[in-house]
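The structure under discussion appears below in the form of structure tokens.
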Number of protein chains: 2
Amino acid sequence: MLGEFEYLLITAAAGLGDKAYGAAIREEIEESTGRKCSIGALYTTIDRLETKGLLKTWMSDATPQRGGRAKRMVRVTPEGVLAAKSFYDAVIRVSRGASWVANRNGSSL
Amino acid sequence: MLGEFEYLLITAAAGLGDKAYGAAIREEIEESTGRKCSIGALYTTIDRLETKGLLKTWMSDATPQRGGRAKRMVRVTPEGVLAAKSFYDAVIRVSRGASWVANRNGSSL
DNA sequence: TGATTAGCATCACAATGTGACTCTAATCAT
DNA sequence: ATGATTAGAGTCACATTGTGATGCTAATCA
């Protein structure tokens, strides 16, 4: 199953869509979690997810900006979406009834 | 932050309340996830969570059953509940807007 | 031409997760 | 009373995942 950080990364990348590349994903993660995302965690996890087939990555052309280095673009594969969904579902399912879950009446699922 | 399995374990233990002990937690986890829970994962994770103060454990008296060995009882501490809540919230928050999340209208939070 | 900048890569290490195997003490059947 | 069976815990070496410090590259700017 996905680890927690792997899930974070896939979710961030999926949200960014076409604009998903290393540094942007990192910002996205830091924003949505409020915690630092280390470079090491970022790229090693990208590598691992790509190996597992949950992500696809490729290098873009360098952008014409000061320091505009080539970006490593990221796309979540269908398998990646599936894995994320299954992680999410697992958390939700397992959490049903837990005291810390806002119990909105007719809990569907 | 909590790992995924740590979260599972805390949730299962919390759900079992007074009846939370090693083997029962294991069954609970296997039931709610549909996956095997290895003994090693179980007890090493219990140890770690206890070290972190998220669980408290103690040995019960042996029960008068065939093979009724002393059980290692588990209680989730207030810190443990907090940690679980914070993990859950993080997953929910981060997942907002993800395509695999059933977007039920007024998403509270 | 060299300072600054955006961004990627790596490596050794820390934390987590896993399973095969073993141990214990209690009942049960002979 | 002795050995098979049972519920349950403990351990260890290993696999997987997460982290941060450090450095590299190529582009712009002054």
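First the proteins, then the strands, lettered A, B, ... as listed; each starts at 1. Note that the structure is a prediction, hence the values are computed from the model and not measured.
Side-chain N/O atoms of A:Tyr43 include one lying less than 4.0 angstrom from OP1 or OP2 on C:dC8. In terms of phosphate contacts, B:Arg72 brings a side-chain nitrogen or oxygen within less than 4.0 Å of OP1 or OP2 of D:dG10.
To the nearest angstrom, P of C:dA6 lies 18 Å from CD1 of A:Ile25. For the pair B:Leu8 CG and C:dT18 P, the computed distance is 9 Å after rounding to whole Å. Here the P atom of nucleotide D:dA9 and the CE atom of B:Met73 are 9 Å apart, to the nearest Å. Between the CZ atom of B:Arg26 and the C1' atom of D:dG10 there is a distance of 13 Å, given to the nearest Å. Rounded to an integer number of Å, the gap from B:Ile46 CD1 to C:dG17 C1' is 14 Å. Protein atom CG of B:Asp47 is 13 Å distant from nucleotide atom C1' of C:dT16, rounded to whole Å. A straight line from CH2 of B:Trp58 to P of D:dG10 spans 14 Å, rounded to a whole angstrom. The separation between B:Lys71 atom NZ and D:dT6 atom P is 17 Å, rounded to whole Å.
Contact check for A:Ile10 versus B:Trp100: side-chain heavy atoms found under the 4.5 Å cut-off.
A salt bridge links B:Arg72 to B:Glu50: one of the charged nitrogens lies within less than 4.0 Å of a carboxylate oxygen. The existence of a salt bridge linking B:Lys52 and B:Asp47 is excluded, since no basic side-chain nitrogen approaches an acidic carboxylate oxygen closer than 4.0 Å. Ion pairing between A:Arg75 and A:Asp18 holds under the 4.0 Å rule for side-chain N and carboxylate O. In summary, B:Glu27 and B:Lys36 do not engage in a salt bridge, as defined by a charged side-chain N under 4.0 Å from a carboxylate O.
In this structure, B:Phe87 and A:Phe87 have tilted ring planes: the angle between them lies in the 30° to 60° band.
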Taking protein heavy atoms under 4.0 Å as touching, what does nucleotides 13-23 of chain D look like 5' to 3' if B marks base contact, S marks sugar-phosphate-only contact and - marks none?
----BBBBB--
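Taking each heavy atom of B:Met73 and B:Ser60 in turn, the nearest pair found is CG-CB, 3.7 Å.
Remark: D:dA30 base-pairs with C:dT1. Criterion, Watson-Crick or G-U wobble with two distances under 3.5 Å.
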